[in-house]
Amino acid sequence: MAQGLRAYLDNSATTKVAEEVLQAMWPYFSERWGNPSSAHSLGRDAAEAIEKARAQAAAMIQSEPREIVFTSGGTEGINAVFHSALSTQPGKNHIVMTAVEHHAALRCAQSLERRGIAITHISVNADGRLDLDQLADAIQPHTALVSVMTANNETGVLFPVAEVGAICAARGVPFHTDAVQAAGKLPLNVAQTGVTFLTISAHKFHGPKGAGAIFIRRFSKFEPYICGGGQEMGRRSGTEDVPAIVGLGAATVLAEQGHGEMNGRVRKLRDDLERQILSTIEGVSVNGDQELRLPNITNIAFDGVDSRALLPMLDRDGIFASTGAACAAGAMQPSHVLVAMGRSIVQARSCLRFSLSHFNTDEDIALLLDVLPKAVRKLRQHCAAQA
Ligand code: PLP
(Lines give C-alpha, C1' and ligand atoms only; values in the text may rest on other atoms or scores of the structure.)
Protein backbone atom coordinates (compact mmCIF):
# COMPACT_ATOMS: atom_id res chain seq x y z
CA MET A 1 0.00 0.00 0.00
CA ALA A 2 1.26 3.50 -0.82
CA GLN A 3 2.44 5.24 2.34
CA GLY A 4 1.39 8.87 1.92
CA LEU A 5 -0.70 10.70 4.48
CA ARG A 6 -3.39 8.42 5.85
CA ALA A 7 -6.36 8.84 8.17
CA TYR A 8 -7.99 5.77 9.69
CA LEU A 9 -11.57 6.79 10.44
CA ASP A 10 -13.12 3.32 10.59
CA ASN A 11 -12.65 2.47 14.25
CA SER A 12 -16.15 1.03 14.58
CA ALA A 13 -15.08 -1.71 12.16
CA THR A 14 -11.96 -2.45 14.16
CA THR A 15 -9.23 -0.65 16.05
CA LYS A 16 -5.47 -0.75 16.07
CA VAL A 17 -4.11 -2.98 18.85
CA ALA A 18 -2.55 -0.74 21.51
CA GLU A 19 1.16 -1.15 22.19
CA GLU A 20 0.46 -1.92 25.89
CA VAL A 21 -1.91 -4.69 24.81
CA LEU A 22 0.67 -6.20 22.44
CA GLN A 23 3.28 -6.12 25.19
CA ALA A 24 0.92 -7.89 27.59
CA MET A 25 0.07 -10.58 25.02
CA TRP A 26 3.52 -11.30 23.68
CA PRO A 27 4.90 -13.52 26.53
CA TYR A 28 1.91 -15.86 26.14
CA PHE A 29 3.02 -16.61 22.57
CA SER A 30 6.64 -17.09 23.52
CA GLU A 31 7.89 -18.19 26.94
CA ARG A 32 4.49 -18.64 28.72
CA TRP A 33 2.68 -20.94 26.30
CA GLY A 34 1.04 -23.34 28.78
CA ASN A 35 -2.42 -24.82 28.43
CA PRO A 36 -4.47 -23.42 31.34
CA SER A 37 -5.93 -26.91 31.98
CA SER A 38 -2.49 -28.52 32.44
CA ALA A 39 -1.64 -29.63 35.97
CA HIS A 40 1.85 -28.15 36.02
CA SER A 41 3.29 -24.74 36.71
CA LEU A 42 3.31 -23.59 33.06
CA GLY A 43 -0.39 -24.45 32.87
CA ARG A 44 -1.13 -22.78 36.19
CA ASP A 45 0.69 -19.66 34.97
CA ALA A 46 -1.65 -19.49 31.95
CA ALA A 47 -4.70 -20.15 34.15
CA GLU A 48 -3.66 -17.30 36.44
CA ALA A 49 -3.29 -14.98 33.45
CA ILE A 50 -6.86 -15.81 32.44
CA GLU A 51 -8.18 -15.10 35.93
CA LYS A 52 -6.36 -11.76 35.94
CA ALA A 53 -7.99 -10.87 32.61
CA ARG A 54 -11.38 -11.99 33.99
CA ALA A 55 -11.01 -9.62 36.94
CA GLN A 56 -9.98 -6.79 34.56
CA ALA A 57 -12.96 -7.39 32.26
CA ALA A 58 -15.31 -7.58 35.25
CA ALA A 59 -13.98 -4.26 36.56
CA MET A 60 -14.80 -2.59 33.23
CA ILE A 61 -18.51 -3.41 33.55
CA GLN A 62 -18.74 -3.46 37.37
CA SER A 63 -19.54 -7.18 37.55
CA GLU A 64 -18.06 -10.03 39.54
CA PRO A 65 -15.25 -11.95 37.81
CA ARG A 66 -17.23 -15.22 37.94
CA GLU A 67 -19.93 -13.54 35.83
CA ILE A 68 -17.52 -13.22 32.87
CA VAL A 69 -17.18 -15.94 30.21
CA PHE A 70 -14.57 -15.50 27.47
CA THR A 71 -15.59 -16.09 23.85
CA SER A 72 -14.15 -15.55 20.39
CA GLY A 73 -15.88 -12.15 20.06
CA GLY A 74 -19.19 -10.37 19.72
CA THR A 75 -20.75 -12.70 17.17
CA GLU A 76 -20.17 -15.81 19.26
CA GLY A 77 -21.35 -14.09 22.44
CA ILE A 78 -24.63 -13.00 20.83
CA ASN A 79 -25.26 -16.43 19.30
CA ALA A 80 -24.52 -18.12 22.63
CA VAL A 81 -26.98 -15.88 24.50
CA PHE A 82 -29.79 -16.32 21.97
CA HIS A 83 -29.43 -20.12 21.89
CA SER A 84 -29.10 -20.36 25.66
CA ALA A 85 -32.20 -18.26 26.32
CA LEU A 86 -34.25 -20.67 24.21
CA SER A 87 -32.76 -23.92 25.46
CA THR A 88 -32.99 -23.02 29.16
CA GLN A 89 -36.65 -21.98 28.90
CA PRO A 90 -38.51 -24.80 27.18
CA GLY A 91 -41.88 -23.65 25.91
CA LYS A 92 -40.68 -20.09 25.36
CA ASN A 93 -40.21 -19.50 21.67
CA HIS A 94 -40.20 -15.76 21.10
CA ILE A 95 -37.44 -13.14 20.94
CA VAL A 96 -37.90 -9.36 20.94
CA MET A 97 -35.14 -7.27 19.39
CA THR A 98 -34.70 -3.95 17.60
CA ALA A 99 -34.74 -3.70 13.82
CA VAL A 100 -31.31 -2.05 13.94
CA GLU A 101 -29.27 -4.67 15.80
CA HIS A 102 -25.98 -5.78 14.25
CA HIS A 103 -26.18 -8.58 11.68
CA ALA A 104 -24.61 -10.89 14.27
CA ALA A 105 -27.92 -10.69 16.15
CA LEU A 106 -30.30 -10.25 13.20
CA ARG A 107 -28.95 -13.19 11.23
CA CYS A 108 -28.81 -15.41 14.31
CA ALA A 109 -32.49 -14.57 14.85
CA GLN A 110 -33.23 -15.28 11.18
CA SER A 111 -31.77 -18.76 11.48
CA LEU A 112 -33.81 -19.39 14.65
CA GLU A 113 -36.91 -18.16 12.83
CA ARG A 114 -36.39 -20.88 10.23
CA ARG A 115 -36.58 -23.35 13.14
CA GLY A 116 -39.94 -22.00 14.32
CA ILE A 117 -38.92 -19.26 16.77
CA ALA A 118 -41.01 -16.08 16.51
CA ILE A 119 -39.04 -12.83 16.28
CA THR A 120 -40.49 -9.35 16.88
CA HIS A 121 -38.45 -6.44 15.53
CA ILE A 122 -39.03 -3.13 17.29
CA SER A 123 -38.80 -0.13 15.01
CA VAL A 124 -36.92 3.12 15.58
CA ASN A 125 -37.86 6.69 14.65
CA ALA A 126 -36.13 8.95 12.09
CA ASP A 127 -33.45 9.76 14.70
CA GLY A 128 -32.79 6.09 15.35
CA ARG A 129 -34.49 6.14 18.76
CA LEU A 130 -36.36 3.20 20.15
CA ASP A 131 -40.09 3.12 20.85
CA LEU A 132 -40.19 1.80 24.44
CA ASP A 133 -43.98 1.38 24.46
CA GLN A 134 -43.76 -0.79 21.38
CA LEU A 135 -41.06 -2.83 23.10
CA ALA A 136 -43.11 -3.28 26.28
CA ASP A 137 -46.19 -4.27 24.24
CA ALA A 138 -44.17 -6.84 22.27
CA ILE A 139 -43.20 -8.86 25.37
CA GLN A 140 -45.41 -11.94 25.70
CA PRO A 141 -45.65 -14.70 28.30
CA HIS A 142 -43.71 -16.92 25.87
CA THR A 143 -40.89 -14.38 25.30
CA ALA A 144 -37.53 -16.00 26.02
CA LEU A 145 -35.30 -12.94 25.52
CA VAL A 146 -35.24 -9.22 24.80
CA SER A 147 -32.10 -8.05 22.99
CA VAL A 148 -31.37 -4.33 22.59
CA MET A 149 -27.91 -3.00 21.74
CA THR A 150 -26.32 -0.40 24.01
CA ALA A 151 -25.16 1.71 21.04
CA ASN A 152 -25.74 1.36 17.34
CA ASN A 153 -22.66 0.55 15.27
CA GLU A 154 -23.67 2.68 12.26
CA THR A 155 -25.01 5.87 13.82
CA GLY A 156 -23.66 5.62 17.37
CA VAL A 157 -27.18 6.25 18.73
CA LEU A 158 -27.55 5.10 22.34
CA PHE A 159 -30.47 3.01 23.54
CA PRO A 160 -32.14 3.40 26.96
CA VAL A 161 -30.68 0.19 28.36
CA ALA A 162 -31.64 0.91 31.99
CA GLU A 163 -35.27 1.53 31.01
CA VAL A 164 -35.38 -1.63 28.89
CA GLY A 165 -33.81 -3.49 31.83
CA ALA A 166 -36.55 -2.23 34.16
CA ILE A 167 -39.29 -3.28 31.72
CA CYS A 168 -37.76 -6.75 31.35
CA ALA A 169 -37.26 -7.19 35.10
CA ALA A 170 -40.89 -6.26 35.74
CA ARG A 171 -41.99 -8.86 33.18
CA GLY A 172 -39.50 -11.52 34.30
CA VAL A 173 -37.82 -11.75 30.88
CA PRO A 174 -34.03 -12.10 30.44
CA PHE A 175 -32.45 -9.06 28.80
CA HIS A 176 -29.34 -9.06 26.62
CA THR A 177 -27.49 -5.99 25.48
CA ASP A 178 -24.90 -6.00 22.69
CA ALA A 179 -22.35 -3.57 24.13
CA VAL A 180 -19.74 -4.27 21.44
CA GLN A 181 -19.64 -0.65 20.25
CA ALA A 182 -20.25 0.97 23.62
CA ALA A 183 -17.42 -0.78 25.47
CA GLY A 184 -14.42 1.52 25.67
CA LYS A 185 -16.49 4.58 24.73
CA LEU A 186 -18.78 4.78 27.76
CA PRO A 187 -18.53 3.55 31.34
CA LEU A 188 -20.67 0.39 31.57
CA ASN A 189 -22.31 -0.70 34.80
CA VAL A 190 -24.30 -3.93 34.86
CA ALA A 191 -25.48 -3.21 38.40
CA GLN A 192 -27.27 -0.07 37.24
CA THR A 193 -28.71 -1.38 33.99
CA GLY A 194 -30.26 -4.62 35.19
CA VAL A 195 -29.10 -6.60 32.16
CA THR A 196 -29.02 -10.39 32.38
CA PHE A 197 -26.45 -10.76 29.59
CA LEU A 198 -24.02 -8.32 27.99
CA THR A 199 -21.54 -8.97 25.18
CA ILE A 200 -18.27 -7.22 24.34
CA SER A 201 -15.52 -7.69 21.75
CA ALA A 202 -11.87 -6.74 22.33
CA HIS A 203 -11.01 -5.60 18.80
CA LYS A 204 -13.38 -2.64 19.08
CA PHE A 205 -11.33 -1.10 21.91
CA HIS A 206 -7.70 -1.69 20.93
CA GLY A 207 -7.58 -5.35 21.87
CA PRO A 208 -7.02 -8.30 19.55
CA LYS A 209 -9.55 -9.73 17.10
CA GLY A 210 -11.11 -13.06 18.07
CA ALA A 211 -11.51 -12.25 21.77
CA GLY A 212 -14.71 -11.30 23.52
CA ALA A 213 -16.69 -11.87 26.67
CA ILE A 214 -20.24 -12.44 27.84
CA PHE A 215 -21.43 -11.14 31.17
CA ILE A 216 -23.88 -13.67 32.60
CA ARG A 217 -25.60 -12.39 35.71
CA ARG A 218 -25.11 -14.65 38.70
CA PHE A 219 -27.84 -17.26 39.16
CA SER A 220 -29.12 -16.75 35.59
CA LYS A 221 -29.71 -19.90 33.59
CA PHE A 222 -27.11 -20.47 30.90
CA GLU A 223 -26.61 -23.41 28.59
CA PRO A 224 -23.25 -23.55 26.75
CA TYR A 225 -23.30 -22.98 23.00
CA ILE A 226 -19.94 -24.71 22.55
CA CYS A 227 -19.58 -27.96 24.49
CA GLY A 228 -16.45 -30.01 25.07
CA GLY A 229 -13.71 -29.98 27.69
CA GLY A 230 -15.67 -27.83 30.16
CA GLN A 231 -13.43 -24.75 30.16
CA GLU A 232 -14.80 -21.44 31.43
CA MET A 233 -16.61 -23.22 34.29
CA GLY A 234 -18.37 -25.42 31.74
CA ARG A 235 -19.91 -22.41 30.00
CA ARG A 236 -17.64 -22.25 26.93
CA SER A 237 -15.45 -25.18 25.97
CA GLY A 238 -12.29 -25.18 23.89
CA THR A 239 -8.70 -24.55 24.93
CA GLU A 240 -8.55 -20.89 25.82
CA ASP A 241 -6.78 -18.44 23.51
CA VAL A 242 -4.61 -17.21 26.35
CA PRO A 243 -2.78 -14.37 24.51
CA ALA A 244 -6.08 -13.03 23.17
CA ILE A 245 -7.76 -13.20 26.58
CA VAL A 246 -4.77 -11.47 28.19
CA GLY A 247 -5.02 -8.84 25.44
CA LEU A 248 -8.71 -8.35 26.14
CA GLY A 249 -7.96 -7.83 29.83
CA ALA A 250 -5.22 -5.30 29.09
CA ALA A 251 -7.50 -3.47 26.64
CA THR A 252 -10.27 -3.15 29.26
CA VAL A 253 -7.80 -1.46 31.63
CA LEU A 254 -6.78 1.02 28.91
CA ALA A 255 -10.41 1.60 28.00
CA GLU A 256 -11.26 2.54 31.57
CA GLN A 257 -8.29 4.89 31.76
CA GLY A 258 -9.26 6.40 28.41
CA HIS A 259 -12.89 7.37 29.11
CA GLY A 260 -11.93 10.94 29.96
CA GLU A 261 -10.04 11.40 26.71
CA MET A 262 -12.76 9.64 24.70
CA ASN A 263 -15.43 11.97 26.04
CA GLY A 264 -13.16 15.02 25.84
CA ARG A 265 -10.57 15.16 23.06
CA VAL A 266 -12.03 12.44 20.79
CA ARG A 267 -15.58 13.78 21.11
CA LYS A 268 -14.32 17.29 20.26
CA LEU A 269 -12.46 15.92 17.23
CA ARG A 270 -15.66 14.19 16.02
CA ASP A 271 -17.68 17.37 16.61
CA ASP A 272 -15.09 19.48 14.73
CA LEU A 273 -15.07 17.02 11.84
CA GLU A 274 -18.85 17.11 11.65
CA ARG A 275 -19.14 20.89 11.98
CA GLN A 276 -16.56 21.50 9.29
CA ILE A 277 -18.13 19.02 6.86
CA LEU A 278 -21.54 20.63 7.41
CA SER A 279 -20.15 24.12 6.84
CA THR A 280 -17.96 23.39 3.80
CA ILE A 281 -20.10 20.95 1.79
CA GLU A 282 -23.65 21.70 0.72
CA GLY A 283 -26.43 19.12 0.89
CA VAL A 284 -25.11 17.15 3.86
CA SER A 285 -26.85 16.07 7.05
CA VAL A 286 -26.07 13.95 10.09
CA ASN A 287 -28.01 10.72 10.64
CA GLY A 288 -29.24 9.84 14.11
CA ASP A 289 -29.90 11.61 17.38
CA GLN A 290 -27.05 14.05 17.86
CA GLU A 291 -27.19 14.19 21.66
CA LEU A 292 -27.75 10.57 22.61
CA ARG A 293 -24.90 8.95 20.75
CA LEU A 294 -21.38 7.63 21.17
CA PRO A 295 -18.65 10.30 21.24
CA ASN A 296 -16.65 8.81 18.37
CA ILE A 297 -19.10 8.16 15.50
CA THR A 298 -20.76 10.36 12.92
CA ASN A 299 -22.88 9.09 10.06
CA ILE A 300 -23.31 11.67 7.30
CA ALA A 301 -25.59 11.78 4.26
CA PHE A 302 -24.22 13.44 1.09
CA ASP A 303 -27.19 14.28 -1.13
CA GLY A 304 -26.83 13.08 -4.71
CA VAL A 305 -23.70 11.02 -3.96
CA ASP A 306 -23.38 7.25 -4.05
CA SER A 307 -21.17 6.14 -1.14
CA ARG A 308 -20.15 3.09 -3.20
CA ALA A 309 -18.29 5.51 -5.49
CA LEU A 310 -17.17 7.93 -2.76
CA LEU A 311 -15.58 5.30 -0.53
CA PRO A 312 -12.96 4.07 -3.05
CA MET A 313 -12.14 7.68 -4.00
CA LEU A 314 -11.40 8.46 -0.36
CA ASP A 315 -9.45 5.21 -0.04
CA ARG A 316 -7.19 6.24 -2.95
CA ASP A 317 -6.43 9.46 -1.06
CA GLY A 318 -5.62 7.68 2.19
CA ILE A 319 -8.95 8.07 4.00
CA PHE A 320 -10.37 4.89 5.49
CA ALA A 321 -14.08 5.22 6.25
CA SER A 322 -17.12 2.99 5.89
CA THR A 323 -20.69 2.83 4.76
CA GLY A 324 -21.65 1.11 8.02
CA ALA A 325 -21.39 -2.46 9.25
CA ALA A 326 -18.25 -4.10 7.85
CA CYS A 327 -20.05 -7.11 6.39
CA ALA A 328 -22.78 -4.95 4.85
CA ALA A 329 -20.08 -2.68 3.44
CA GLY A 330 -18.37 -5.65 1.78
CA ALA A 331 -21.63 -6.69 0.16
CA MET A 332 -22.52 -3.02 -0.49
CA GLN A 333 -26.08 -3.57 0.67
CA PRO A 334 -27.97 -0.40 1.68
CA SER A 335 -27.81 -0.05 5.45
CA HIS A 336 -30.71 -1.80 7.23
CA VAL A 337 -30.23 0.73 10.05
CA LEU A 338 -30.81 3.78 7.83
CA VAL A 339 -33.68 2.07 6.04
CA ALA A 340 -35.25 1.31 9.45
CA MET A 341 -34.88 5.04 10.23
CA GLY A 342 -37.06 5.78 7.22
CA ARG A 343 -34.41 6.63 4.63
CA SER A 344 -35.00 5.53 1.04
CA ILE A 345 -32.54 3.09 -0.56
CA VAL A 346 -30.98 5.99 -2.50
CA GLN A 347 -30.64 8.10 0.65
CA ALA A 348 -29.20 5.16 2.60
CA ARG A 349 -26.64 4.72 -0.16
CA SER A 350 -25.54 8.33 0.14
CA CYS A 351 -24.16 7.94 3.67
CA LEU A 352 -20.73 7.40 5.16
CA ARG A 353 -19.71 6.58 8.70
CA PHE A 354 -16.60 8.15 10.19
CA SER A 355 -15.55 6.57 13.48
CA LEU A 356 -12.66 7.81 15.61
CA SER A 357 -10.39 6.46 18.32
CA HIS A 358 -7.69 7.68 20.70
CA PHE A 359 -5.20 7.40 17.85
CA ASN A 360 -6.86 10.08 15.71
CA THR A 361 -5.47 13.60 15.61
CA ASP A 362 -6.26 17.03 14.15
CA GLU A 363 -4.08 16.05 11.17
CA ASP A 364 -6.50 13.23 10.28
CA ILE A 365 -9.40 15.65 10.24
CA ALA A 366 -7.39 18.15 8.17
CA LEU A 367 -6.61 15.43 5.61
CA LEU A 368 -10.27 14.42 5.43
CA LEU A 369 -11.35 18.03 4.95
CA ASP A 370 -8.81 18.44 2.19
CA VAL A 371 -9.94 15.33 0.30
CA LEU A 372 -13.68 14.95 0.97
CA PRO A 373 -15.14 18.20 -0.48
CA LYS A 374 -13.24 17.67 -3.78
CA ALA A 375 -14.40 14.06 -4.04
CA VAL A 376 -18.04 14.98 -3.35
CA ARG A 377 -17.88 17.83 -5.90
CA LYS A 378 -16.38 15.53 -8.52
CA LEU A 379 -19.07 12.89 -8.03
CA ARG A 380 -21.87 15.46 -8.15
CA GLN A 381 -20.44 16.98 -11.35
CA HIS A 382 -20.19 13.50 -12.85
CA CYS A 383 -23.85 12.81 -11.98
CA ALA A 384 -24.93 16.20 -13.37
CA ALA A 385 -23.05 15.52 -16.63
CA GLN A 386 -24.79 12.17 -17.00
CA ALA A 387 -28.28 13.52 -16.25
N1 PLP B 1 -22.24 -6.18 17.52
C2 PLP B 1 -21.90 -4.96 17.08
C3 PLP B 1 -22.72 -3.77 17.49
C4 PLP B 1 -20.79 -4.81 16.23
O5 PLP B 1 -20.48 -3.60 15.78
C6 PLP B 1 -20.05 -5.97 15.87
C7 PLP B 1 -18.92 -5.84 14.93
O8 PLP B 1 -18.89 -4.97 14.08
C9 PLP B 1 -20.44 -7.21 16.38
C10 PLP B 1 -21.54 -7.27 17.20
C11 PLP B 1 -19.68 -8.45 16.05
O12 PLP B 1 -18.51 -8.52 16.83
P13 PLP B 1 -17.26 -9.42 16.37
O14 PLP B 1 -16.62 -8.74 15.22
O15 PLP B 1 -16.38 -9.45 17.58
O16 PLP B 1 -17.80 -10.77 16.05
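Residues Asp364 and Leu368 are not in side-chain contact: their nearest non-hydrogen atoms beyond the backbone lie 4.5 Å or more apart. With a 4.5 Å cut-off on side-chain heavy atoms, Thr252 and Ile61 do not count as touching. By the 4.5 Å heavy-atom criterion applied to side chains, Val266 and Asn360 are not counted as neighbours. Side-chain contact between Glu101 and Ile78: absent, with no pair of heavy atoms (C-beta onward) separated by less than 4.5 Å.
Between Lys209 and Thr14, the side chains place a donor N or O and an acceptor N or O closer than 3.5 Å (distance only, hydrogens not considered).
Evaluation of the ring-ring contact (aromatic ring centres under 6.0 Å, His included) rule for Tyr225 yields His83 as partners, not counting sequence neighbours. In terms of the ring-ring contact (aromatic ring centres under 6.0 Å, His included) criterion, residue partners of Phe359 (sequence neighbours excluded) are, by chain and number, His206.
Shown here for Ser201 and Val180, the closest heavy-atom pair between the two residues is CB-CG1, 3.9 Å. In this structure, Leu106 and Ala99 approach most closely via the heavy-atom pair CD1-O, 4.0 Å.
The existence of a salt bridge linking Arg129 and Glu163 is excluded, since no basic side-chain nitrogen approaches an acidic carboxylate oxygen closer than 4.0 Å. Looking at Arg267 and Asp271, no side-chain N of the basic residue comes within less than 4.0 Å of a carboxylate O on the acidic one, giving no salt bridge. Salt bridge annotation for Asp306-Arg308: present, with a cationic side-chain nitrogen under 4.0 angstrom from a carboxylate oxygen.
Within a 6.0 Å sphere centred on CD of Glu31, heavy atoms belonging to other residues, nucleotides or ligands number more than 12. By the 6.0 Å contact criterion, NE2 on His259 is enclosed, its count of non-hydrogen atoms from other residues, nucleotides or ligands being greater than 12. Environment of CD in Gln290: crowded, with over 12 heavy atoms of neighbouring residues, nucleotides or ligands closer than 6.0 Å. For Lys52, the NZ atom sits in a loose shell: 12 or fewer heavy atoms of surrounding residues, nucleotides or ligands are nearer than 6.0 Å. Counting non-hydrogen atoms of neighbouring residues, nucleotides and ligands closer than 6.0 angstrom, the CZ atom of Arg217 exceeds 12 such neighbours.
When the options Asn296, Thr298, Asp10, Asn11 are evaluated for a side-chain contact (heavy atoms from CB on, under 4.5 Å) with Phe354, the one that passes is Thr298.
Ring geometry, Phe222 versus Phe197: the interplanar angle falls from 30° to 60°, so the pair is classed tilted.
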